[in-house]
Enquirer: 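The structure's right below; bear with me while I get my questions together.
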Amino acid sequence: MKRIILSLTFILALATLQAQVYIFENVGQPISEKDSLKIDRIVQHEIDFYKQIFKYDTISVKLRIFENKTLYWVYLKQNDIKVPHNDFTGKYSIKLKECIVFRDETKDDDVFLQSVAFLVNAHLVRNQWKKPPQWLVIGLGQYNKGIAIGKKAIKHEMSSYELNRIKSMIAMKEIPLKDFFTLSNDELIKKQITDEQSSYTVAHGIVYFLVEKDFEQFKQIVLKIKDKTSSYEAIDSTYNGGFAQFETDFMNYFSK
């Protein structure tokens, strides 16, 4: 039996933003209250993050969660949404303005919640920006996906794999940052597949470093890029010491 469950806690938390409801679509058991509250916290946390950067008149988040694999694929096909056949995490549809998530019961709940965080991030960015540079989309997505949900706060983290991967790449001089900012989406995905997840890791590292070092500076860099300044020029003109200093600081930060 298919069930639609409305998250009242989400409506109440975001009432001042005139946010619309997000949708849980389930087959079998509905989303638990515990998971619902975690999703509420993730969505609110990301909205609070982006409210510091962009100006929103209203914020609408639609989250459609499938626990049935067949229905998940049927829904994607009906709406002409293309994803790799081995992708069972989810997809953000620009056309529908909807986060579509498959919850695989065989995997840890953290994987599901990280998928939610990644897709909600995509929606909030695309709500403000039609064609952001791919490195920034990926970096922000990985930053908001890499979370630890504590009792009192949500913290952003990089995994030990990511930290060691960046440290190794720095030691091997495999991170030409200036060139990285010009990679197309296809090139980033190719490097991700063929080079041990390097592109997503580096993008995450760049965003994590900039946000943790000086959020206001990061905000100005993002707004300059949004205003059609190249990523290199935005960093060079905003970062204290220019791009060369940014590159040095980045390398030092992850080499410790």
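We number each residue from 1, following the sequence as shown.
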Enquirer: Does the pair Ser198 and Met169 meet the rule for a side-chain contact (heavy atoms from CB on, under 4.5 Å), with working shown?
Expert: CA-CA 9 Å; Ser198 66; Met169 292 173 73; 3.8 Å; yes
Enquirer: Just by modelled atom types, is the Ile81 backbone N or O under 3.5 Å from a matching donor or acceptor in the Asn79 side chain?
Expert: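 It does not hold such a pair.
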Enquirer: If the condition is side-chain contact (heavy atoms from CB on, under 4.5 Å), which residues does Asp80 pass it with, not counting sequence neighbours?
Expert: Lys82, Lys95
Enquirer: Which residue, Arg64, His123, Lys91, forms the side chain to side chain donor-acceptor pair (under 3.5 Å) with Glu98?
Expert: Arg64
Enquirer: Residues in side-chain hydrogen bond (donor to acceptor under 3.5 Å, both in side chains) with Thr248, at least two apart?
Expert: none
Enquirer: At what distance, to the nearest 0.5 angstrom, does CD1 of Ile39 lie from CD of Gln44?
Expert: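 Here the interatomic distance stands at 14.0 Å.
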Enquirer: Minimum heavy-atom separation for Glu187 and Leu183, please, with both atom names.
Expert: OE1-CA, 3.3 Å
Enquirer: Is Thr182 reaching over with its side chain to a backbone N or O of Asp179, donor-acceptor style, under 3.5 angstrom?
Expert: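 Answer holds: yes.
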Enquirer: Around Asn252, counting heavy atoms of other residues, nucleotides and ligands shown, do more than 12 lie under 6.0 Å from its CG?
Expert: yes
Enquirer: Holding to ring-ring contact (aromatic ring centres under 6.0 Å, His included), I want the full list of residues that pass it with Phe49, two or more places apart in sequence or in another chain.
Expert: Tyr143, Phe215
Enquirer: Indicate yes or no: at least one non-hydrogen side-chain atom of Val207 is less than 4.5 angstrom from one of Gln142.
Expert: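 Side chain of Val207 against side chain of Gln142, heavy atoms only: no contact under 4.5 Å found.
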Enquirer: Let's go through His156 and His45 carefully: what are the C-alpha distance in whole Å and the side-chain angles of both, what is the deciding distance for ring pair (Phe, Tyr, Trp, His ring centres under 6.0 Å) to 0.1 Å, and is it a yes or a no?
Expert: CA-CA 11 Å; His156 294 263; His45 179 77; 5.0 Å; yes
Enquirer: Which heavy atom of Gln245 sits nearest to which heavy atom of Asn240, and what is that distance?
Expert: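 Closest approach of Gln245 to Asn240, heavy atoms only: CG-O, 3.5 Å.
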Enquirer: Can you list the residues that meet the ring-ring contact (aromatic ring centres under 6.0 Å, His included) rule with Phe180, with sequence neighbours excluded?
Expert: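 With neighbours one apart ignored, the set is empty.
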Enquirer: How about Phe254 and Met158: do any of their side-chain heavy atoms sit closer than 4.5 Å?
Expert: yes
Enquirer: Side chains of residues 127-135: which donor-acceptor pairs under 3.5 Å do they make with residues two or more places apart or in other chains?
Expert:
residue	atom	partner	partner atom	Å
Gln128	NE2	Lys55	O	3.2
Trp135	NE1	Ser231	OG	2.8

Enquirer: Quick one: NE2 on His204 to OG on Ser159, what's the gap to the nearest 0.5 Å?
Expert: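 These two atoms lie 8.0 Å from each other.
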Enquirer: State, yes or no, whether a side-chain contact exists between Tyr208 and Glu162 at a heavy-atom distance under 4.5 Å.
Expert: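 Not touching, per the 4.5 Å side-chain cut-off.
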Enquirer: If you group Ile, Leu, Val, Met, Phe, Trp and Tyr by side-chain heavy-atom gaps below 4.5 Å, do Ile225 and Leu223 land in one group?
Expert: yes
Enquirer: In a table with atom names and distances, give each donor-acceptor pair under 3.5 Å that connects a side chain of residues 112-121 to protein atoms at least two apart or in another chain.
Expert:
residue	atom	partner	partner atom	Å
Ser115	OG	Val111	O	3.0
Asn121	OD1	Tyr50	OH	2.4
Asn121	OD1	Asn144	ND2	2.7

Enquirer: Report yes or no: do Leu188 and Val137 belong to one cluster of Ile/Leu/Val/Met/Phe/Trp/Tyr joined by side chain heavy-atom distances under 4.5 Å?
Expert: no
Enquirer: Partners of Glu157 by side-chain hydrogen bond (donor to acceptor under 3.5 Å, both in side chains), sequence neighbours excluded?
Expert: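 Testing Glu157 for side-chain hydrogen bond (donor to acceptor under 3.5 Å, both in side chains), a comparison that skips the adjacent residues, returns none.
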Enquirer: So that I can tick it off, tell me whether Lys34 and Asp109 are bridged by a salt bridge, with the cut-off set at under 4.0 angstrom between side-chain N and carboxylate O.
Expert: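 Result for this pair is no, no salt bridge flagged.
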Enquirer: Kindly indicate whether the side chain of Glu247, heavy atoms from C-beta on, has any atom under 4.5 Å from the side chain of Ile235.
Expert: no
Enquirer: With heavy-atom distances below 4.5 Å as the criterion, would you say the side chains of Leu124 and Phe54 are in contact?
Expert: no
Enquirer: Would you say the side chain of Tyr72 lies within less than 4.5 Å of the side chain of Ile100, judging by non-hydrogen atoms?
Expert: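 Yes, close enough: below the 4.5 Å cut-off.
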Enquirer: Say you draw a straight line from CD1 of Ile154 to CD1 of Ile42; how long is it, rounded to the nearest 0.5 Å?
Expert: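 Output value for this atom pair is 6.0 Å.
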Enquirer: Atom OH of Tyr75 and atom CZ of Phe102: how far apart are they, to the nearest 0.5 Å?
Expert: 16.0 Å
Enquirer: Which pair of heavy atoms, one from Asn68 and one from Thr70, lies closest together, and at what distance?
Expert: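 Smallest interatomic distance, heavy atoms only, reads OD1-N, 3.0 Å.
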Enquirer: Are the side chains of Phe246 and Gln217 in touch, meaning some heavy atoms are under 4.5 Å apart?
Expert: no
Enquirer: Once side-chain hydrogen bond (donor to acceptor under 3.5 Å, both in side chains) is applied, do any residues pair with Glu174, and if so which ones, sequence neighbours excluded?
Expert: none
Enquirer: Return the set of residues passing side-chain contact (heavy atoms from CB on, under 4.5 Å) with Ser237 (not counting sequence neighbours), or none when no residue passes.
Expert: Lys224
Enquirer: Excluding sequence neighbours, so at least two apart, what forms side-chain contact (heavy atoms from CB on, under 4.5 Å) with Lys178?
Expert: Tyr232, Phe243
Enquirer: Which residues pass the salt bridge (Lys or Arg N to Asp or Glu O under 4.0 Å) test with Asp249, sequence neighbours left out?
Expert: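 Testing Asp249 for salt bridge (Lys or Arg N to Asp or Glu O under 4.0 Å), a comparison that skips the adjacent residues, returns none.
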Enquirer: Drop me the distance from Lys145's NZ to Ile147's CD1, to the nearest 0.5 angstrom.
Expert: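 If we round to the nearest 0.5 Å, Lys145:NZ and Ile147:CD1 are 11.0 Å apart.
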Enquirer: Can you sort out the partners of Gln52 under side-chain hydrogen bond (donor to acceptor under 3.5 Å, both in side chains), two or more places apart, ordered by chain and number?
Expert: none
Enquirer: Just wondering, do Met251 and Leu177 contact through their side chains at under 4.5 Å, heavy atoms?
Expert: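 Leu177 vs Met251: side chains touch.
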Enquirer: Using 0.5 Å steps for rounding, measure from the CD1 atom of Ile175 to the CD1 atom of Ile206.
Expert: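 So the gap between those two atoms works out to 8.0 Å.
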